[in-house]
Amino acid sequence: MMRREGFSILEVVISMAILLIVFLGIVPMLFLSKKVQVVSRERQKAAILGETLINKLASLSFNDTCLENGTVESCKNSDCCFELKGNNEISYSVMQLDNNTKIIKVEVDYGNNFKLEFERIKGNL
């Protein structure tokens with residue numbers, strides 16, 4: 001009896017089916033990974049924008065007009081947003097606790113994806 005070398009058609013079909021199942025499991029993970037990467041990049045940009053604005057506002061003098069009690073500004077048209085003026089995803093507010101303390105809040109709103117908030121206490125020295 002002669003021995004044949006190689007794979008039978010059944011073995012090839014079964015191995016292809018197994019590979020297909022493995023690939024079908026990997027492909028959705030690749031798309032999810034890409035989506036997570038995009039959202040992560042947006043969050044990082046938003047964090048940088050929020051930190052930039054809150055640091056600039058906190059560096060202003062206590063009695064600066066940008067830091068008046070009750071101020072609620074969108075950076076869409078506000079000169080108090082410095083180089084971030086025109087960005088309608090960023091806004092800030094100021095609340096005075098007493099004669100020597102104000103709370104500055106900055107909000108970066110990226111719609112359905114996420115919203116980041118930053119808060120800084122500013123004292124009158």
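Predicted model, so just to flag it, every value in this text is computed and none were measured. The first residue in the sequence is number 1, and the count goes up from there.
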### Query
Same cluster or not: are I18 and L10 linked, directly or through other Ile, Leu, Val, Met, Phe, Trp or Tyr residues, by side-chain heavy atoms under 4.5 angstrom apart?
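As far as the 4.5 Å side-chain criterion goes, L10 and I18 are connected within one cluster.
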
### Query
In terms of hydrophobic clustering (I, L, V, M, F, W, Y; side-chain heavy atoms under 4.5 Å; direct or indirect links), are L30 and V22 co-clustered?
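Hydrophobic grouping puts L30 with V22.
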
### Query
Does the pair E119 and I103 meet the rule for a side-chain contact (heavy atoms from CB on, under 4.5 Å), with working shown?
CA-CA 7 Å; E119 189 172 288; I103 297 177; 3.6 Å; yes

Give the table of side-chain donor-acceptor pairs shorter than 3.5 Å for residues 90-97, with sequence neighbours excluded, one pair per line with atom names and distance.
| from | atom 1 | to | atom 2 | distance (Å) |
| --- | --- | --- | --- | --- |
| Y92 | OH | C66 | O | 2.9 |
| Q96 | NE2 | D98 | O | 2.9 |

### Task
Kindly check if the number of other-residue, nucleotide or ligand heavy atoms within 6.0 Å of CD (Q44) is above 12?
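Atom CD in Q44 is not crowded, with 12 or fewer foreign heavy atoms closer than 6.0 Å.
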
### Message
Does atom CD1 (I9) have a neighbourhood of more than 12 heavy atoms from anything else shown, all under 6.0 Å?
### Response
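Count not over threshold, so no.
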
Please give me the minimum heavy-atom distance between [X] and [Y], naming the atom from each residue.
| X | Y | answer |
| --- | --- | --- |
| S61 | K122 | C-CE, 4.0 Å |
| L57 | L67 | O-CD1, 3.5 Å |
| F114 | R43 | CB-NH1, 3.0 Å |

### Query
Does any N or O in the side chain of N55 come within less than 3.5 Å of the main-chain N or O of E51, such that one atom is a donor and the other an acceptor?
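Looks like yes, one N/O pair under 3.5 Å.
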
### Query
Does some side-chain heavy atom of V106 sit less than 4.5 Å from a side-chain heavy atom of E117?
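With C-beta onward as the side chain, the pair stays apart.
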
Nearest 0.5 angstrom please: [X] [atom1] to [Y] [atom2], how far?
| X | Y | atom1 | atom2 | value |
| --- | --- | --- | --- | --- |
| L53 | I48 | CG | CD1 | 14.0 Å |
| C81 | N87 | SG | CG | 8.5 Å |
| I14 | L19 | CD1 | CG | 12.5 Å |
| F118 | T52 | CZ | OG1 | 9.0 Å |
| K115 | D109 | NZ | CG | 4.5 Å |
| C75 | E107 | SG | CD | 11.0 Å |

### Query
Can a salt bridge be assigned to the pair K76 and E89 using a cut-off of 4.0 Å between side-chain N and carboxylate O?
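Result for this pair is no, no salt bridge flagged.
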
### Query
Within 45° of the ring axis of F62 and under 6.0 Å from its six-membered ring centre, is that where the NZ or CZ of K102 lies?
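Checked: cation-pi criterion met.
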
### Task
Show your working on side-chain contact (heavy atoms from CB on, under 4.5 Å) between K56 and L84 and close with a plain yes or no.
CA-CA 11 Å; K56 291 205 179 234; L84 299 176; over 6 Å; no

